[in-house]
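Each chain gets a letter, A, B and so on, in the order the sequences are listed, and its residues count up from 1. Note that the structure is predicted; figures quoted are calculated from it, not measured.
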There are 2 protein chains.
Amino acid sequence: MFDNFINYLQSKITVTDEEIEMVKAVCRLKKLRRKQYLLQEGDVWRYNAFVSKGLVRTYRVDDKGQEHIFQFSPEDWWAGDRYSYLNDTPAQFNIEALEDSEIVLIAKGDYENLLEAIPAYNTFVRMLLERSFVRLQNRVYMGNSYTAEEKYNDFIKAYPDIPSRVPQHMIASYLGVSPETLSRVRNHSVKK
Amino acid sequence: MFDNFINYLQSKITVTDEEIEMVKAVCRLKKLRRKQYLLQEGDVWRYNAFVSKGLVRTYRVDDKGQEHIFQFSPEDWWAGDRYSYLNDTPAQFNIEALEDSEIVLIAKGDYENLLEAIPAYNTFVRMLLERSFVRLQNRVYMGNSYTAEEKYNDFIKAYPDIPSRVPQHMIASYLGVSPETLSRVRNHSVKK
DNA sequence: AAAAACTATTGATGTACATCAACGGTTTTG
DNA sequence: CAAAACCGTTGATGTACATCAATAGTTTTT
């Protein structure tokens, strides 16, 4: 039932069988059909969510009603609204399934207990965060110094499997570029 | 000698006197004069650096020779090149003192030992990272959806003490806006 | 104390990209 | 299976901002 998640864990850290059981004991599986929501803006996010199957998008809507996709989370990725989680505050993000998906949920309190009980897991999470930090940092940099074309090229290089699974205008949204511009960028650079 | 840093630590987590001694034992103080560098692009970054006095900027230079400031670190902030640190890779960032500064350095290996020996510290660092993540996430969002003026207003609200300590064109660089545009934004919105 | 370097401002001009609109093709839905 | 929704493309137009250039005030350097 939680096989994908357990495999993931075991591939990242060394855990005893007991620890595995501790983890399993607090996991809950949530199935989502395409277009269903894992989180809606305004609700408080109280979980850690591991995508064991499918694909979800995390996005935010600005004052003018424009959607801005922050992240695609395919299998073996995490999703959530960290700000809402940390501050027990209404979420500003929405999380929507783009494919039928299965999500492993661990409630906040349980999660914190796990981190305390399994030091290797704590350290692993810290490393995950460090890598996320570097990725985000790079994204800020690219946002300020790359052209639309460079952003797109970087994206397909970093996430080669995503383009075939999500509509193009969502990639545009992720990149902070209009769908029309992305279309033009693609068609002009292909002209080999 | 490391008073500022120790005070900082004690204000964040509960530590025993022994633990304080452990920390002190691996700290090194580095003094920088204005315009001196803590890190130069190309060198490998092997420390955790706490700014106990002064102010440093972390920036990156793009292909066209343009500087992009990633962060200002005044007293009680950290600075470094996390990617270089994690991967033992030549740094892409430069860190320069904008004022005469004092930096507390902890070498990578020592730092990791500390985290392992002091669980509360480990958890605290994880929380720091989580907050940094949220900040960066928000910066990506603002980069894609805010006007130059909104970016500036957000900046002075988030970091009200910085503008009086750094030249305006550096704030422009941080915001990903040209110095001319920032100047215009400021002068037009002030016309109350 | 003079020279050199740095800084903010303002005007003129250029440009990457957004926006608006129309279209045909495809997928989803009732 | 027809209607509706969604999707990518293309053209015309608009605009926020960058770039270039000149100037004057300030700070730093020697």
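- A nucleotide of DNA chain D counts as in contact with chain A when one of its atoms lies under 4.0 Å from a heavy atom; the first and last such, 5' to 3', are dC7(D) to dA12(D).
- Atoms CZ and CG, on R131(A) and L86(B) in that order, are 5.5 Å from each other to the nearest 0.5 Å.
- Of the residues listed (K31(A), R165(A), R57(A)), the one engaging E99(A) in a salt bridge (Lys or Arg N to Asp or Glu O under 4.0 Å) is R165(A), and it is the only one.
- Here the side chains of I103(A) and V56(A) are in contact, with some heavy-atom distance below 4.5 Å.
- Taking Ile, Leu, Val, Met, Phe, Trp and Tyr as members and joining any whose side-chain heavy atoms lie under 4.5 Å apart, directly or through other members, the hydrophobic cluster of Y146(B) also contains Y141(B), M142(B).
- Aromatic rings from F155(B) and Y174(B) are positioned such that their centres are separated by under 6.0 Å.
- A 4.5 Å side-chain heavy-atom check between V104(B) and L29(B) finds at least one atom pair inside the cut-off.
- Ring orientation note: the planes of F93(B) and F70(B) are tilted relative to one another, at an angle of 30° to 60°.
- Along DNA chain D, the nucleotide nearest to T147(B) and the one nearest to S183(A) differ in position, and the one closer to the 5' end is contacted by S183(A).
- Considering only side-chain N and O atoms, N187(B) lies under 4.0 angstrom from the phosphate OP1 or OP2 of dT10(C).
- H169(B) has its NE2 atom 8 Å from the C1' atom of dC6(C), to the nearest Å.
- Every pair passing side-chain hydrogen bond (donor to acceptor under 3.5 Å, both in side chains) that includes a residue from residues 40-56 of chain B is listed here, sequence neighbours excluded: N48(B)-Y85(B).
- Residue pairs satisfying the salt bridge (Lys or Arg N to Asp or Glu O under 4.0 Å) criterion with at least one member in residues 1-24 of chain B, sequence neighbours excluded, are absent.
- Axis deviation across the helix from dA1(C)-dT30(D) to dG30(C)-dC1(D) amounts to 60°, comparing end segments of five pairs, rounded to 10 degrees.
- Ring geometry for F50(B) versus Y8(B): interplanar angle of 30 to 60°, hence tilted.
- Between R186(B) atom CZ and dT7(C) atom C1' the separation is 12 Å, expressed in whole Å.
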For a quick check, with a 4.0 angstrom heavy-atom cut-off, what is the B/S/- contact string for nucleotides 20-30 of chain C, read 5' to 3'? BB------SS-
